[in-house]
Amino acid sequence: MQNFRNYYQILAVTPDTSIEEVKRVYRRLARQYHPDLNPGDKQAEERFKDILEAYEILSDPTRREEYDRLSFFLQQRQKNNRKWNNGSRFSSKDMEYFDRFPTFDSFLDSLLNRRREMNTGEPTGARSRPVERTSQAYTPGRSKVYNTVKNQPQAAKRDIEALLTLPLEKAYHGGKEKIRLEDGRSLEVDMPPGMVTGEKMRLRKLGMNGGDLYLKVTVAPHPFLDVQGNEIYCKLPITPVEAILGGQVEVLTLDGLVKMNLPKEVYTGKQLRLAKKGYVDNRGRRGDQVVEIEIRYPEELTAEQRGLYEKLRDLESGLREILWDSESKPD
């Protein structure tokens, strides 16, 4: 199989790594290679895409199991040089299934956009938003040809469903998104803003034989921003000096980096709010972004920095005695 990608190597984990650990590693790597923190760095952008793709597979038990089966299948086939013994754990049906995919990308398309028949009708769900796409959703490079055939039985219409994973920024802002279906079609869809996980889009006449296509949306986790309802939570690392003196700091939001006034003498765990920088609810109301302060101490100090901290310690010695005296006084 061409272009096989080892997702365990991409995330630097092992097949025994738990899903919780996979999520932790993903967040760490995503912070390192996120395009917002590496503007103009194409290599970092491609690395981030690989990390997100690996996370989509290894964080989902069903997808991970299917990926592991494929990986083991390819290893065994390489060892046996396609000569399978009777003791092989793979049946002829297994071999036929995996041999359907000449490339790893074709396997991935099937895994992430698994198609199944659906009952005809409107999508359900607390936040489902049926959206009809005719002119916006199309198959590039193909033209429609109409033929009149007499006495030819017409194939039954069937609705199908495909999975679509979106980055948080794309889900919030909306816009055009290219998708590939299991049957090989490539579509460009005009996504509405404010999509949420579990939401479905209905694309008329893009299913099988004129049926409808339903896109089920999953919003990928963001390395910095955590959506809870229509509010967004994030942690802001600051230095001890910033914590004491305050000042302007930059905070990542869905609208990009914004400047926030940091008050003096803040502490780890203190929460500040950025009004109207959250997500949107099903009524179109935008919430706030909650910024939680996290004081970070430098891991390594220069000689000059260490000298300044030592001077500060000497200046604080008298303050410590005052604090102890105030604590020892009776109420």
Side-chain angles (χ1 to χ4, degrees), residues 1 3-34 47-78 88-91 93-101 103-118 123-128 160-168 170-171 177 179-183 195-201 214-228 233:
M1 177 179 288
N3 304 324
F4 177 80
R5 292 188 283 281
N6 190 325
Y7 290 139
Y8 292 105
Q9 286 185 358
I10 290 174
L11 294 184
V13 296
T14 69
D16 297 328
T17 302
S18 67
I19 289 180
E20 289 303 317
E21 180 65 13
V22 166
K23 292 179 180 179
R24 189 188 68 79
V25 172
Y26 161 76
R27 290 184 180 276
R28 175 174 57 80
L29 292 175
R31 290 189 186 101
Q32 182 179 352
Y33 294 101
H34 197 279
R47 177 80 169 118
F48 178 77
K49 291 179 181 178
D50 290 341
I51 292 167
L52 178 58
E53 184 178 284
Y55 172 81
E56 287 185 55
I57 301 302
L58 299 187
S59 65
D60 182 276
T62 303
R63 294 175 184 172
R64 184 171 177 172
E65 181 180 3
E66 196 76 1
Y67 172 79
D68 288 342
R69 283 183 65 221
L70 172 69
S71 180
F72 185 80
F73 174 85
L74 295 177
Q75 292 175 12
Q76 293 300 309
R77 187 168 68 178
Q78 186 176 14
S88 171
R89 63 177 286 185
F90 294 101
S91 65
K93 183 179 290 188
D94 289 325
M95 289 185 278
E96 289 176 2
Y97 170 71
F98 287 119
D99 281 336
R100 285 176 47 203
F101 308 111
T103 66
F104 180 72
D105 285 335
S106 62
F107 167 79
L108 194 64
D109 290 341
S110 175
L111 193 60
L112 295 179
N113 295 289
R114 188 157 293 164
R115 190 180 68 194
R116 63 176 183 268
E117 294 182 28
M118 298 179 58
T124 59
R127 286 210 53 190
S128 63
I160 61 174
E161 182 178 279
L163 305 180
L164 177 62
T165 301
L166 296 172
L168 178 61
K170 173 67 73 171
E177 182 74 9
I179 63 172
R180 286 182 297 176
L181 301 178
E182 184 183 354
D183 58 13
M195 301 292 285
V196 296
T197 294
E199 189 167 358
K200 291 182 181 179
M201 288 183 59
Y214 292 84
L215 294 180
K216 185 175 181 180
V217 173
T218 297
V219 180
H222 194 278
F224 299 102
L225 308 177
D226 181 23
V227 181
Q228 298 182 23
Y233 289 78

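- A salt bridge between R24 and E21 is present, with a side-chain N of the basic residue lying under 4.0 Å from a carboxylate O of the acidic one.
- With rounding to the nearest 0.5 Å, the separation of CD1 in I179 from OG1 in T165 is 11.5 Å.
- In this structure the side chain of R64 reaches within 4.5 angstrom of the side chain of V22, judged on heavy atoms.
- Looking at R63 and L163, their side chains come closer than 4.5 Å, going by heavy atoms from C-beta outward.
- Pairing each heavy atom of D60 with each of T62, the nearest pair is OD1-N, 3.1 Å.
- Among all heavy-atom pairs drawn from Y8 and P15, the shortest one is CE2-CA, 3.4 Å.
- Side-chain contact check for Y55 versus P221: some heavy-atom pair is nearer than 4.5 Å.
- With sequence neighbours left out, the ring pair (Phe, Tyr, Trp, His ring centres under 6.0 Å) criterion links Y7 to Y67, F104.
- Note: I51 CD1 to R27 CZ = 13.5 Å, rounded to the nearest 0.5 Å.
- One finds the CZ atom of R28 at 9.0 Å from the OH atom of Y33 (value rounded to the nearest 0.5 Å).
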Item to complete: Start with the C-alpha distance between Y26 and L58, add both sets of side-chain angles, then the distance that settles side chain to side chain contact (heavy atoms under 4.5 Å, CB included), and finish with yes or no.
Response: CA-CA 10 Å; Y26 161 76; L58 299 187; over 6 Å; no
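- Interatomic distance, CG of L164 versus NZ of K200, reported as 13.5 Å (0.5 Å rounding).
- Heavy-atom minimum distance, I19 versus P61: CD1-CG, 3.6 Å.
- Counting only heavy atoms from C-beta outward, the side chains of R47 and Q32 never approach each other to under 4.5 Å.
- In this structure, the separation between OG on S71 and CD on E66 is 12.5 Å, given to the nearest 0.5 Å.
- Under the 3.5 Å distance criterion, the side-chain polar atoms of T197 are matched with a main-chain donor or acceptor of V219.
- For the salt bridge (charged side-chain N to carboxylate O under 4.0 Å, His left out) test, residues two or more places apart in sequence or in another chain that qualify with R5 are E53, D105.
- The distance from atom NZ of K23 to atom CG of L11, rounded to the nearest 0.5 Å, is 13.5 Å.
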